[in-house]
Novice: 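The structure follows.
So that the names make sense, note that chain A is the first sequence line, chain B the second, and so on, each numbered from 1. Values in this document were obtained by computation on a predicted structure and should not be read as measured data.
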Amino acid sequence: NAGVTQTPKFQVLKTGQSMTLQCAQDMNHNSMYWYRQDPGMGLRLIYYSASEGTTDKGEVPNGYNVSRLNKREFSLRLESAAPSQTSVYFCATLNGYTFGSGTRLTVV
Amino acid sequence: SQKIEQNSEALNIQEGKTATLTCNYTNYSPAYLQWYRQDPGRGPVFLLLIRENEKEKRKERLKVTFDTTLKQSLFHITASQPADSATYLCALLGRRNTGNQFYFGTGTSLTVIP
């Protein structure tokens, strides 16, 4: 989707491995969000950042950390991946007006 | 806790008919509500926003209503086309300690049959 870029698009991890999902936006929006989408559960907020340098927990933050190093970039880190974190992850800006195309993560 | 329900997981209609999707919520007083379209393998795409003091909003063939008494929003697609086939999500704005958060429904899959 235009304006929000997520990398990687696909990833397979082994249980216990770590990785960082990257998100960058070029719309100069202050707020950025990380969601996960699971079948039958809808989109659930993991973390969000209202502005550069601030972050806050959403509904399902356990097992994740985030970094908002500058206005453009908001990364999501899994320190020790678990099978329960198998999901599709979406980054979004400005209260969800623009979503990225997602990262499909499988933890085996 | 907040609960958002969207009608039936799947809806099939004939091309040219009006599709009506429902979003019901409980334990909630949202300031506004948004509707999104999501295609397979893609992120949600914002369609319409309606505020609590608005009864109806239109955009081309799309119409959204918002009834805060019934705690319900209806999303209509008139003169439906096969290209309208997708999953449609509703989301309500809720207030958290340091900002706003959207709560999403699970979506309704719409198929428009030629």
Novice: CD of B:Q14: more than 12 outside heavy atoms within 6.0 angstrom?
Specialist: yes

Novice: Between A:F99 and B:Y36, how do the two ring planes meet: parallel, tilted or perpendicular, split at 30° and 60°?
Specialist: perpendicular

Novice: So with a 6.0 Å cut-off around CZ of A:R44, is the heavy-atom count from everything else above 12?
Specialist: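 Atom CZ in A:R44 is crowded, with more than 12 foreign heavy atoms closer than 6.0 Å.
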
Novice: Sort B:L47 into side chain, backbone, both or neither according to what part of it lies under 4.5 angstrom from a heavy atom of chain A.
Specialist: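 B:L47 has no heavy atom closer than 4.5 Å to chain A.
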
Novice: Tell me which pairs pass disulfide bond (SG atoms under 2.5 Å apart) where either residue lies in residues 37-81 of chain B, with sequence neighbours left out.
Specialist: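 For residues 37-81 of chain B: none.
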
Novice: Is A:Q37 in contact with chain B via its backbone, its side chain, both, or neither, using a 4.5 Å heavy-atom distance?
Specialist: side chain

Novice: Among Ile, Leu, Val, Met, Phe, Trp and Tyr joined by side-chain contacts under 4.5 Å, find the other residues sharing a cluster with A:L69 and list them by chain and number.
Specialist: none

Novice: Over all heavy atoms of both residues, which pair between B:R42 and A:F90 is shortest? Give the atoms and the distance, please.
Specialist: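 Looks like O-CZ, 3.6 Å.
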
Novice: Side-chain heavy atoms nearer than 4.5 Å, only ILVMFWY residues, links allowed to pass through others: does that put A:L45 and A:L78 together?
Specialist: no

Novice: Can you give me the closest heavy-atom contact between B:P44 and A:L43, atom names plus distance?
Specialist: CG-CD1, 3.8 Å

